[in-house]
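The structure under discussion appears below in the form of structure tokens.
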Amino acid sequence: MPHLWMFLLQSLTPPEHEVILIDGNARSMNEEELVRFCKDENIGLVGIGAMTRMVARAYRVATALRAANIPVVMGGPHVTECPDEALGRDGGPRYADAIALGEADETWALMVEDAARGELKDIYQPERDPKGKDKKPNLQPYPTIPWDTLDLDQFSIIPKFLRPYMEKLGAGWGTFHVVPIETGRGCPYGCEFCTVTGFFGDSIRFRTNESVIEELLRLKARARRERGQIAVFFIDDNLAINVKRTKSLLRDIIAAGAQLPWVAQISANLLKDEELVDLIAESGGKWIFIGMESIDPVNMASVNKNFSKPGDYAAVLERLAQRNIYAITSFIFGMDNDTPGVAERTLAQVNSWQPGLPVFGQLTPFPATPLYDRLEKAGRLDRPKHWMDFAPFMMAHTPLKMTIPEAREEVGHAWESSYSPERNAEAVAAIADKGLEYRIGHLVARLFFRGIYFPQMGKRAWMKVLFQNRRVIASLTKEGVSTYRAAKKRQKNIQIAASQPN
Ligand code: B12
Ligand code: SF4
């Protein structure tokens, strides 16, 4: 899925400038290729955004571009949290000519204009209110992102080699885009490990329902025109943070016929409301990402996420499944009360619930979070600048009751077991009462999600995955073929019956 910020800032760029978007996840280029590209295209300013986990790569790219005399500005959560690092004020090298702190909706145009005049300042920051806090954009009005005309080619989720096969599946499966849309910003919950409350603030701001619906309708028209699949990821941190407003938005989406399949993040405590869940289903909601974090209430309390109760999880998933909505359930291992065996204990629970897409990570101290400060004060950070030597699934601090290698093993085991061919088959069997199309969708989602942990790039890797899961694929295909034949036969009988004289 592409990042929203680049489309948003593109829409906020003064019209005399042209903007080219490149997503390093979708269109990979090494430093040399990027520099050549920027030279060939005569690029006057490069803007780079990065989360903490990819910032070391972002700095390498920035260094190569600046060495070729191309000015670089950076923004996003990481540089906001570590401004001195990006500007070389912490004794290290300088990576950016200028940085945007916080939300850049109102500072971006200024940066572009200053860059065009060759007068970039070091730091761009939103105006401050009398209390010294950033004045946040209120999202009303909201810029128009031209989703209907944007070139989204680099962002189709279907791997290139699979497209011809997928096209044969039926009209519209040759491309599949997941488009990020925000309906609001901010989260007041302040979980200890999260950067959102610090970055976006605890005051929540919403777009108008009309503006969201207008965007959805344009996307829906595009999907119809291109005969492709478009799904929406509502990227709000907690789409139902204000339940009354969420219900009003979903009702308006339904009334306007603006439904597209959608995914969103909603915390478990808010999913107890039956009416809300009904509206989610009716408005196109298919998958809900739930930050479950841990099945241990002691862990939940230790990261200030007590509002989410592990004891409620099974009922929440059941309520969703009754409406054909499933959950991406996200867990964190390596919390202070975790001990070896945490993966097995968690899997025992997860596998007893309605099947979903579990994802597993480790507790990571992101800079400027309360978690980072707590661990730093306690002298527990083994790699205080873990992002500069990023090591996948290697914790940056030692949990209290297990070692770093143990935590890594637990995560590996949880992924391996959750997406094994046996577990995939079990999950599909567990929803045997659902329609065939639904079960195929579930399996396909599982095969993609497996790739978050197990690198799955290219034809060979995919062929291997398909081969390993051949039994469940074959049984669904067999069922599909007989359903198709039966439907054809029925159709033929109807035609014959219709052609008989009375
Ligand atoms: C959608 C989302 C995802 C999606 C999709 C990612 C994508 N491709 O968009 C998924 C679910 C896949 C995801 C995954 C992860 N995510 Co995420 N994600 C988000 C989320 C909810 C929304 C991002 C968004 O679009 N925000 C709205 C836009 C408008 O805000 P923005 O990006 O900050 O941009 C504004 C400013 O920052 C600034 N800006 C940003 N970039 C730039 C660049 C320039 C040049 C300038 C001038 C300005 C600028 O301008 C924008 C307008 O004001 C954020 C939380 C949040 N609310 O932002 C977390 C968040 C970004 N994710 C986070 C994390 C940790 C992850 C994971 C590492 C989790 C994990 N353990 O696996 C993975 C990493 C995956 C990867 N390798 O890409 C953290 C990052 C913290 C940090 N310091 O890095 C965040 C902040 C959430 C959190 N809990 O703290 N994520
Ligand atoms: S983890 Fe989710 S609920 Fe908690 S502060 Fe972050 S965005 Fe809010």
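We count ligands from 1, going down the list as the structure has it; atoms in each ligand are counted the same way. Model, not experiment: these values are computed from the prediction.
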From W5 atom CH2 to L21 atom CG, the distance as rounded to the nearest 0.5 Å: 8.0 Å

Could you tell me whether the side chains of [X] and [Y] share a donor-acceptor contact shorter than 3.5 Å?
X: D382; Y: T398; value: yes
X: D336; Y: N299; value: no
X: N269; Y: S267; value: yes
X: N424; Y: R446; value: yes
X: R245; Y: T183; value: yes
X: Y59; Y: E85; value: yes
X: Q140; Y: R207; value: no

Can you pull out the closest protein heavy atom to [atom]? Residue, atom name and distance to 0.1 Å, please.
atom: atom 89 (N) of ligand 1; answer: C194 SG, 3.3 Å
atom: atom 27 (C) of ligand 1; answer: I235 CD1, 3.5 Å
atom: atom 41 (N) of ligand 1; answer: W5 CD2, 3.2 Å
atom: atom 44 (C) of ligand 1; answer: G75 N, 3.5 Å
atom: atom 4 (Fe) of ligand 2; answer: C191 SG, 2.3 Å
atom: atom 68 (C) of ligand 1; answer: R53 CD, 3.4 Å
atom: atom 84 (O) of ligand 1; answer: T52 N, 2.6 Å
atom: atom 36 (C) of ligand 1; answer: G102 O, 3.6 Å
atom: atom 53 (O) of ligand 1; answer: D105 OD1, 2.5 Å

Proximal atoms of ligand 1 relative to [X] (non-hydrogen, under 4.0 Å):
X: G47; value: 45 (C)
X: R185; value: 29 (C), 53 (O)
X: I48; value: 43 (C), 44 (C), 45 (C)
X: E103; value: 53 (O)
X: A100; value: 47 (C)
X: V73; value: 45 (C)
X: L4; value: 25 (O)
X: A104; value: 38 (C), 48 (C), 50 (O), 52 (C), 53 (O)

L9 to ligand 1, any heavy atom closer than 4.0 Å: yes

Per-residue contact class, [X] against ligand 1 - non-hydrogen pairs under 4.0 Å:
X: F289; answer: neither
X: P2; answer: backbone
X: Y124; answer: neither
X: W108; answer: side chain
X: D237; answer: side chain

Whether G190 lies under 4.0 Å from ligand 2, heavy atom: yes

Given the side-chain rings of [X] and [Y], with only the six-membered ring counted for Trp, is the space between their centroids under 6.0 Å?
X: F233; Y: F289; answer: no
X: F176; Y: F448; answer: no
X: F366; Y: F193; answer: no
X: F454; Y: W415; answer: no

Pairing residues for W108 by the ring pair (Phe, Tyr, Trp, His ring centres under 6.0 Å) criterion, not counting sequence neighbours: none

Audit row: F199, T80, side chain to side chain contact (heavy atoms under 4.5 Å, CB included) steps and yes/no: CA-CA 8 Å; F199 187 91; T80 301; 3.4 Å; yes

Proximity winner for atom 64 (C) of ligand 1, if only heavy atoms of M51, E182, M54, K136 are counted: M51

Options G198, G76, P126, A368, ranked by nearest heavy atom to atom 49 (C) of ligand 1, top entry: G76

Heavy-atom pair of closest approach, residues V232 and L219: CG2-CD1, 4.0 Å

Subset of ligand 2 atoms that lie under 4.0 Å from at least one heavy atom of D237: 7 (S)

Distance filter under 4.0 Å to T197 heavy atoms, resulting ligand 2 atoms: 5 (S)

Ligand 1 N/O within reach of P77 N/O, cut-off under 3.5 Å: no

Ligand 1 to T195 polar contact by distance, N or O atoms, under 3.5 Å: yes

C194, portion touching ligand 2 at heavy-atom distance under 4.0 Å: side chain

Option passing side-chain contact (heavy atoms from CB on, under 4.5 Å) with D237 (candidates Q265, E182, R185): Q265

E113, CD atom: more than 12 neighbouring heavy atoms under 6.0 Å: yes

Non-neighbouring partners of R218 that pass salt bridge (charged side-chain N to carboxylate O under 4.0 Å, His left out), sequence neighbours left out: D148, E214

